[in-house]
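Written out below as structure tokens is the structure these notes cover.
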Amino acid sequence: MKTPYAVTSGREFSKLERMMIWEKPASHQTGEVELRVASEIKENWDDPELKIFNVLLEGDAGSGKTELAKALSYQLQLPYTKVTCFADMDKSDVFGALLPVTENREEDGELLEAIYQTDSLQGVLDLVARHFSLTQMAAKEKLAQLVERIENTTANPVQYRFYPSEILRALEKGYLLEIQEPTVIRDASVMVALNSALEANGMLNTPTGLVRRHPDCVVVITTNRNYQGTRPLNESLRDRMQHAEKMDLPPLEVMVSRGAAKTGFDQEEPLTIMGKVIRLLEETAKANAIKGVAGMRSYFYWVNTVRQGQDPLTTLYPKVLYKLTTEPSELSLLEDALAKSGLLKDLSAWYHGRNLQAFKEGRRLSQAEADARNITEEATTLVGASDEVNSDRKEAAEETDSLAETAPTESDTSKEAMKLPDSEEHSDAVSQSATGTEAEADEAVHTGATAKDLAEQEKTLKKQLNQKARKLFKGTTHEKEGLIIHRPKATAENQRAAQALLGEIRPQVAPIIKKLKEILENEVSVDFSRGQYTGTRFDASRVAYEDFRTFSKKNPPQEAPSLAIGLRVDESGSMVREGRLTAAQKAAMGVLSFSKELDLPLMIYGDTADLSSREKTSIYSYKEFSDDYQNVPGKLMTMKPRQNNRDGVPLRLLAEALTKEAATTKVLLSISDGQPKALPDYTGKKAREDIQQVIADYERQGVIFLAAAIGEDQEIIREIYGEHRFLDISDLQHFPEELVNLLARYLD
């Protein structure tokens with residue numbers, strides 16, 4: 001195939017040489033630098049004074065130098081070959097070498113080796129016969145031939161032949177020659193030996209005579225910048241380059257297009273985020289003198305793992321970070337830079353929320369996926385991939401009025417347009433009735449109510465909760481966000497799993513609860529209650545807690561210290577990592593046991609965001625203050641990593657509920673692994689100000705805010721909540737124990 005920049009249109013190539021001309025693959029993205037260099041060479045090709053035939057490409061590893069050299073082979077239509085330099089390279093590697101040659105050396109070597117293994121003539125003949133599968137007579141002839149050959153060549157046993165180097169062959173034949181990494185050569189004179197050949201019509205003096213440079217030969221020198229083991233490129237050689245390019249990582253949009261073409265993965269959002277990660281790592285490595293490389297090769301292989309369905313936060317290490325360095329201190333620098341940038345949070349949000357598009361388009365679930373998500377009957381209409389279970393879709397239908405009220409227009413027409421079709425509501429209703437569980441039956445027995453009564457009570461409570469939430473957020477930035485409060489249901493399987501989880505944490509929290517219970521049961525009503533904001537006695541021992549609860553006061557008759565707890569659990573997609581959600585579930589179980597044994601008011605909410613274009617904020621009410629403890633452990637087992645997180649909404653809901661409690665102390669504890677982020681722009685400054693406004697509004701009403709950070713965004717959470725409200729949870733194994741111990745302080 002001819003190109004506009006071909007310089008060999010009248011030249012005949014052999015079959016092998018035609019095969020050496022680089023064929024541009026479909027994944028190759030023609031860049032601006034490629035066309036510019038090819039154009040420069042073509043325009044000056046026939047100029048005897050200003051012809052361009054030596055090109056220098058200097059830049060970081062992975063910046064595309066070799067790819068550009070191959071692309072020039074295609075554009076100029078010249079056979080491509082390359083030489084990779086090494087530290088101990090000498091002049092024989094540049095020109096070629098005279099090497100000894102012996103006739104039949106392989107056969108003679110085998111014969112001699114056979115002879116050395118025996119010490120008698122008959123033994124030699126037997127061995128030769130066996131070795132070469134010959135008869136005795138033929139073995140004698142074979143041995144005689146060897147003796148004769150040795151006798152006739154004793155005067156000149158070795159001949160020499162000149163083997164030209166690949167450099168010499170390319171210069172003589174007129175190829176495009178890439179010389180890779182000449183700066184690693186220790187002997188600076190080696191490359192200087194090429195100086196004469198780098199001139200127009202240059203020549204090299206070889207043992208077999210002078211070799212003249214072919215007029216079509218183009219030399220492309222590719223070298224890295226300032227890497228360990230490299231040296232500055234010789235000045236005389238650099239001066240003989242007629243064109244030089246500084247090769248850096250291409251612009252982000254070019255990286256994205258090349259990544260898509262190379263891997264066949266064409267989703268722009270993750271490609272862009274991953275490109276930003278590569279660029280950030282490259283900049284951080286340079287700034288901290290880290291010798292590794294984050295370039296296009298790393299980018300391609302990393303993107304390819306995502307195309308295969310792997311988690312990019314997991315494959316980041318073997319495909320990118322460990323190629324930069326495995327030194328712990330250097331890795332820590334790179335990880336800190338990534339954590340501060342928020343890019344991994346964005347990538348995690350995409351990865352765990354990638355089914356959102358499927359929700360919008362609609363699809364039918366496979367049986368395996370339905371089983372995994374506890375869906376017992378498939379709806380007759382397409383199911384959104386982001387729906388949690390069919391019951392969630394029924395809840396969404398029941399809360400249509402909520403969505404309509406928070407929509408930009410509140411007309412009856414809009415409300416009607418947002419309702420699910422009758423067939424879909426009917427299908428969901430059938431699905432709900434088909435999922436009646438043993439746990440619901442147990443609850444009916446426990447309360448003395450029928451299952452129908454319980455279902456009606458749940459429906460009424462859920463409606464009330466959504467109405468209160470709409471009223472609370474009216475006039476705020478969250479008014480139009482499509483908030484829905486769900487009431488999760490526990491199956492018998494959930495309850496069994498909860499009992500197993502309680503069994504794991506009971507040894508950690510039971511001794512603490514038992515000790516506190518004994519203290520409270522034995523406390524006399526006229527004793528002093530410690531840890532108060534005001535009182536008649538100053539308690540210096542409380543100063544270390546830095547919570548301003550440094551006074552004690554006498555308890556009036558029948559009054560005992562009291563505590564109300566609001567617990568918020570982040571159910572964003574990133575909670576799937578490193579067992580974070582399981583740790584949060586264990587912590588919630590610990591708080592549940594603590595509150596139940598000490599008869600403390602408790603409220604537990606989970607939350608996520610952007611489950612669908614209609615349901616922008618989802619709250620999972622696992623326990624209201626008014627609920628008993630029946631089935632709550634099982635409900636907590638329905639927690640799962642979902643999508644994004646809009647922290648200000650659950651915090652305000654819980655804080656508002658806490659203000660209605662009559663407890664002396666009201667603690668709101670948030671368990672989260674990352675900074676807030678939700679569509680379209682709830683992140684950064686906007687999210688921070690929203691959360692801080694919630695804290696300011698409710699701390700004046702006596703609510704104590706605490707944030708337990710269990711992920712990589714700890715510093716961001718510390719900044720949002722403030723140092724005195726921040727809990728650094730690095731040991732997830734003992735998180736439940738630490739949490740219960742913390743809450744116990746507020747009962748002293």
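With a 4.5 Å cut-off on side-chain heavy atoms, Pro312 and Leu347 count as touching. Val55 places none of its side-chain heavy atoms less than 4.5 Å from the side chain of Glu245. Looking at heavy atoms from C-beta onward, Ser670 lies out of side-chain contact with Asp570 at the 4.5 angstrom threshold. In this structure, the side chains of Leu176 and Leu76 come closer than 4.5 Å at one or more pairs of heavy atoms. Here the side chains of Leu321 and Leu331 are in contact, with some heavy-atom distance below 4.5 Å. Using a 4.5 Å heavy-atom cutoff, the side chains of Val569 and Met639 are in contact. Proximity of Phe53 to Cys217: side-chain heavy atoms (C-beta onward) are nowhere separated by under 4.5 Å. Proximity of Thr476 to Asp690: side-chain heavy atoms (C-beta onward) are nowhere separated by under 4.5 Å.
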Margin query: For Trp302 and Thr315: C-alpha separation, side-chain torsions, deciding distance, then whether side chain to side chain contact (heavy atoms under 4.5 Å, CB included) applies.
Written below: CA-CA 7 Å; Trp302 188 26; Thr315 57; 3.3 Å; yes

Notebook entry, point to check: Where do Lys246 and Glu58 land on the salt bridge (Lys or Arg N to Asp or Glu O under 4.0 Å) test, with the steps shown first?
Noted result: CA-CA 5 Å; Lys246 178 176 177 288; Glu58 191 171 13; over 6 Å; no

Next item on the list: Using the side chain to side chain contact (heavy atoms under 4.5 Å, CB included) rule, take Phe86 and Ile185 through it: C-alpha gap first, then chi angles, then the decisive distance, then the call.
Entry: CA-CA 6 Å; Phe86 51 93; Ile185 302 173; over 6 Å; no

Next item on the list: Decide side chain to side chain contact (heavy atoms under 4.5 Å, CB included) for Val306 and Met274; before the verdict, give the C-alpha distance in whole Å, the side-chain angles of both, and the deciding distance to 0.1 Å.
Entry: CA-CA 10 Å; Val306 178; Met274 294 167 80; 3.5 Å; yes

Margin query: For Ser572 and Asn644: C-alpha separation, side-chain torsions, deciding distance, then whether side chain to side chain contact (heavy atoms under 4.5 Å, CB included) applies.
Written below: CA-CA 5 Å; Ser572 61; Asn644 296 330; 5.8 Å; no

Next item on the list: Go through the steps to decide whether Lys286 and Glu282 satisfy the test salt bridge (Lys or Arg N to Asp or Glu O under 4.0 Å), and finish with yes or no.
Entry: CA-CA 6 Å; Lys286 287 182 179 178; Glu282 182 202 28; 3.6 Å; yes

Note to self: Would Glu67 and Lys70 count as a salt bridge (Lys or Arg N to Asp or Glu O under 4.0 Å) here? Give the steps.
What the structure shows: CA-CA 5 Å; Glu67 186 80 4; Lys70 292 178 179 178; 5.5 Å; no

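Between Thr683 and Pro676 the shortest heavy-atom distance is OG1-O, 3.3 Å. Across Cys85 and Val184, no two heavy atoms sit closer than the pair O-CG2, 3.8 Å. When all heavy atoms are compared, the tightest approach of Thr284 to Leu333 is CG2-O, 4.2 Å. Between Leu611 and Ser618, the shortest heavy-atom contact is CD1-OG, 3.3 Å. Nearest heavy atom pair, residue Ala588 against residue Leu636, reads CB-CD1, 4.0 Å. The shortest non-hydrogen separation linking Ile278 to Ala294 is CG2-O, 3.7 Å.
Under the salt bridge (Lys or Arg N to Asp or Glu O under 4.0 Å) criterion, the residue pairs touching residues 671-684 are Asp346-Lys677, Arg580-Asp673, Asp681-Lys686, with sequence neighbours excluded. Applying the ring-ring contact (aromatic ring centres under 6.0 Å, His included) test to pairs two or more places apart or on separate chains, none has a residue in residues 264-301. Within the structure, ring-ring contact (aromatic ring centres under 6.0 Å, His included) pairs that include any residue of residues 322-348 comprise Tyr317-Tyr322 (at least two apart or interchain).
Annotation: ring pair (Phe, Tyr, Trp, His ring centres under 6.0 Å) contacts of Tyr682 (sequence neighbours excluded): His478. Tyr80 is linked by a side-chain hydrogen bond (donor to acceptor under 3.5 Å, both in side chains) to Glu178, counting only residues two or more places apart in sequence or in another chain. Glu330 meets the side-chain hydrogen bond (donor to acceptor under 3.5 Å, both in side chains) test with Thr325; sequence neighbours excluded.
Arg725 CZ to Glu723 CD: the interatomic distance, rounded to the nearest 0.5 Å, is 11.0 Å. Atom-to-atom distance recorded for Thr84:OG1 and Gln180:CD is 3.5 Å, nearest 0.5 angstrom. In this structure, the separation between CZ on Arg577 and CG on Leu344 is 7.0 Å, given to the nearest 0.5 Å. Summarising the geometry, atom CD1 belonging to Ile273 is positioned 13.0 Å from atom CG belonging to Leu280; distances are rounded to the nearest 0.5 Å. Taken to the nearest 0.5 Å, the CE atom of Met589 stands 13.5 Å off from the CD atom of Gln508. With values rounded to the nearest 0.5 angstrom, Glu34 atom CD is found 12.0 Å from Ser39 atom OG.
Exactly one residue among Arg652, Arg568, Arg642 makes a salt bridge (Lys or Arg N to Asp or Glu O under 4.0 Å) with Asp607. That residue is Arg568. Considering Leu72, Asn54, Ile52, Leu78 as possible partners of Val218, the one that fulfils the side chain to side chain contact (heavy atoms under 4.5 Å, CB included) test is Leu78. Under the side chain to side chain contact (heavy atoms under 4.5 Å, CB included) test applied with Gln75, the options Leu68, Leu35, Val7 reduce to a single match, Leu35.
Remark: the Thr617 side chain and the Arg646 side chain contain an N/O donor-acceptor pair separated by less than 3.5 Å. Looking only at atom types and distance, the side chain of Thr81 has a donor-acceptor partner in the side chain of Glu166 under 3.5 Å away. Checked by atom type, the side-chain pair Ser348/Ser574 shows no donor-acceptor distance below 3.5 Å. The closest side-chain donor-acceptor pair between Thr3 and Gln77, if any, does not fall under 3.5 angstrom. Gln310 and Thr314 share no side-chain donor-acceptor pair at under 3.5 Å. Side chains of Ser612 and Glu615: a donor-acceptor N/O pair is absent below 3.5 angstrom, by distance only. The closest side-chain donor-acceptor pair between Thr223 and Thr183 falls under 3.5 angstrom. Side-chain atoms of His28 and Glu23 include no donor-acceptor pair closer than 3.5 Å.
A salt bridge links Glu32 to Arg36: one of the charged nitrogens lies within less than 4.0 Å of a carboxylate oxygen. Using a cutoff of 4.0 Å between basic side-chain nitrogens and carboxylate oxygens, Arg718 and Glu715 are scored as salt-bridged.
Of the possible polar contacts, one joining the Thr272 side chain to the Glu268 backbone as a donor-acceptor pair under 3.5 Å is found. Between the side chain of Arg240 and the main chain of Ser236, a donor-acceptor pair closer than 3.5 Å is present.
With Tyr721 as the aromatic partner, Arg688 does not meet the cation-pi criteria of under 6.0 angstrom to the ring centre and within 45 degrees of the ring axis.
At most 12 non-hydrogen atoms from other residues, nucleotides or ligands lie less than 6.0 angstrom from CZ of Arg297. Within 6.0 Å of NZ on Lys276 lie no more than 12 heavy atoms contributed by other residues, nucleotides or ligands.
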